[in-house]
Amino acid sequence: MRYFRILPHIADVRLYVKGDSLRQLFIAALEGMNSILGGSTEKSKASAVFQEIEVSSQDVTTLIIDFLSEVLTRSQILKYQFSMDEIYECNERYFKARLLGCRVSAFEEDVKAVTYHEANVIRNREGNYETTIVFDV
Amino acid sequence: MITREHLVQRSPVLWEIPMSFRSDMRVPALLFTSEAMLGEVLDDRSLEQLVNVATLPGIRKAAMVMPDVHEGYGFPIGGVAALSYPEGVISPGGIGYDINCGVRLLKSTLMYIDVKPYLETLAKRLFCTVPSGVGRGGKLKLGKDKIDVVLYEGAKRMVKDGYGVLDDLKYIESHGVLEKADPNVVSNEAKQRGHDQLGTIGAGNHFLEVDKIDEIFDEQIAEAFGLSHNQIVVLIHTGSRGLGHQVATDHMRIMNNVMSSYGIKVPDRELACVPLNSSEGMAYFSAMAAAANFAFANRQMITWEVRQVWSHLFPSSPSLEILYDVAHNIAKIEEHKVDDHIERLIVHRKGATRAFPPGNAELPDVYRSTGQPVLIPGSMGSASYVLAGTQGGRDVSFSSTCHGAGRRMSRHAAKKIVKGKKLLEQMTEAGIYVETGSVSGLPEEAQFAYKDIHDVVEVVDRAGIAKKIARLHPVIVVKG
């Protein structure tokens, strides 16, 4: 199970994400970021790429932000939207996966950065992982 | 949650949260606002963030916030903090992701009546010539060597390459280049994000505007600034684009990882910081300076683009001289009085503008007696202001003042109030030509989504930290 929702924020974009595992949380976060970036992907095989991503951080909250930051950087440089293809390893300090990228002609939102603001990955009463993530736009 | 009861009113426009409010505060927190605006300030977490800033190692005198305050990341927007040099901390959260986001004002020799017949044409030509919008690239595509030169030399480089005149540099903060820039501490990713973005506005609240001066508050200083009633001017509001955003992201991450090795713990990850005189601190400062130079170069390139349009449309009055160019997201090493002596400080301004007083040695001769011009853009369709720096600002706020109107409503809520097409019609009816790449996104920047700029400027004027000189009214707005 995974879930994301855009929440109100005075100046930027706030995302709430939830997953029944850390893997699902990371997938939901990536899907949420892509929904903010917007833009229509080119559906041709010629524009699809695979890229590996590997991130290590001091704790799980920093890890998920650093992961999204790395994907955002690649998206902005290459003008690609990346989705999760396969997660190799995911724990509280290390994440490794293969991403699938599709070219976009233009993004709809100018996301400057993924911030650490309000981010705090916790397990809620239902046992699901959840956090809020704020994007500077 | 901070409430009115926690504030001590020092004057009609100055409030203090004393150090006794929280045991880890090293200095008090000061808020410049009016009684009428206070309620909105207390509605979000900006004052909690200001109290957090007051805990930073090496902070001097007070953590401050301007009347356009709203909640940010780490620092509140509108925040000013000065830390001891060189051992005090430097914090990317005290500068922001858009390093050297700032404003430049160009003065024409034309009056509104001269330009009125050409407004629609001028709007379209500016929109076509100056790239704006999400991810939109510019004419120049910089290779690695070229981008490093721009990061070293800022606006100076653009002038050398023919995109301006030498005189332009006199009227830019820090003469358009920060000396400590080092492109070697700017990541390849940052350079890749910025390599095609010189000469571009970007999106969001960035804009290019043509304004007419509709009120003069100080005739003498306005004359020294070369401003007169009904004169047409151009405002440019943009920053370091993707390059600056990436520099901030990169170094925020580094600092979060190493901060504890300096014995530093902060209440908010976005306040991550290290001593300036650490290797990571110097690396960030040099990278920040490089990104700031990119922003100065960006506004210089846009100036060139606007001048091309202007000279083509108004060949008998082609002149567009710079009044001034200010940064409102930056850290500078400056000397200020603390207690009874002068100290060298790392002044962080995040959504706040430097406002040097009369007599400051950095100012060009023509502004030595007036104080530095300060450019305060209002929200889309509303007024903007030209202010001047004052001795009062030097004494009270580290020569700092506000930067704009400050948001009071989310983008989502703003879009629910009015549709883009309707807002466009309203602005056209009000005599403002709008060219935008996103009509549906226009309501996000509507006037009602921001604080009242008149109230914001009134506070800084009453507080004596900047002085009203002229008010501008938009006639053309170009947005991404």
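The sequence lines fix the lettering, A, B, ..., with proteins before strands; numbering per chain opens at 1.
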| task | With rounding to the nearest 0.5 Å, note down the distance linking NE2 in A:His9 to CG in B:Asp44. | result | 9.0 Å
| query | How close do B:Arg253 and A:Ser57 get, heavy atom to heavy atom, and via which atoms? | reply | NH2-OG, 4.0 Å
| task | Examine whether an atom of A:Ser75 lies under 4.5 Å from a heavy atom of chain B, and if so say whether it belongs to the side chain, the backbone or both; otherwise answer neither. | result | neither
| request: Sort A:Glu108 into side chain, backbone, both or neither according to what part of it lies under 4.5 angstrom from a heavy atom of chain B. | output: backbone
| task | Name the region of A:Val13, side chain, backbone, both or neither, that has any atom closer than 4.5 Å to a heavy atom of chain B. | result | neither
| Point-to-point distance, once rounded to the nearest 0.5 Å, from CG of A:Asp136 to CG of B:Asp98 | 8.0 Å
| task | Give a yes or no on this: more than 12 heavy atoms of other residues, nucleotides or ligands lie within 6.0 Å of atom NZ of B:Lys141. | result | yes
| message | I need the A:Asp110 CG to B:Ser438 OG distance, nearest 0.5 Å. | response | 12.0 Å
| task | Specify the closest pair of heavy atoms between B:Tyr73 and A:Phe135, including all atoms of both residues, with the distance to one decimal. | result | OH-O, 3.7 Å
| request: Locate the shortest heavy-atom distance separating B:Glu189 from A:Ile77; write the atom from each residue and the value. | output: O-CD1, 3.6 Å
| Going by atom types only, do A:Tyr116 and B:Asp268 share a side-chain donor-acceptor pair under 3.5 Å? | no
| field | Distance, nearest 0.5 Å, that separates SG of B:Cys101 from NZ of A:Lys112 | value | 7.0 Å
| message | Tell me if a side-chain donor or acceptor on A:Glu109 pairs with a main-chain N or O of B:Val134 at a distance below 3.5 Å. | response | no
| said: For the interface with chain B, which of A:Asp12, A:Val111, A:Val134 has the highest count of heavy-atom pairs at distances below 4.5 Å? | reply: A:Asp12
| request: Just do the side chain to side chain contact (heavy atoms under 4.5 Å, CB included) check on A:His117 and B:Gln49 with the steps written out, would you? | output: CA-CA 11 Å; A:His117 188 58; B:Gln49 291 183 327; 3.3 Å; yes
| Choice from B:His412, B:Arg241, B:Gln246 maximising heavy atom contacts with chain A below 4.5 Å | B:Gln246
| Interface moiety of A:Thr73 toward chain B, non-hydrogen atoms closer than 4.5 Å | both
| query | Nearest 0.5 Å, what's the CD-CG distance between B:Gln192 and A:Leu78? | reply | 7.5 Å
| query | CG of B:Asn256 to CD of A:Gln58: how many Å apart, nearest 0.5 Å? | reply | 6.0 Å
| message | With a 6.0 Å cut-off (strictly less than), is the heavy-atom count around CZ of A:Arg93, excluding the residue itself, greater than 12? | response | no
| field | SB check A:Asp59 B:Arg269 (cutoff 4.0 Å) | value | yes
| field | Residue part contacting chain B, namely of A:Asn120, when any heavy atom lies under 4.5 Å | value | neither
| Side chains of B:Arg411 and A:Val137: closer than 4.5 Å at any heavy-atom pair? | yes
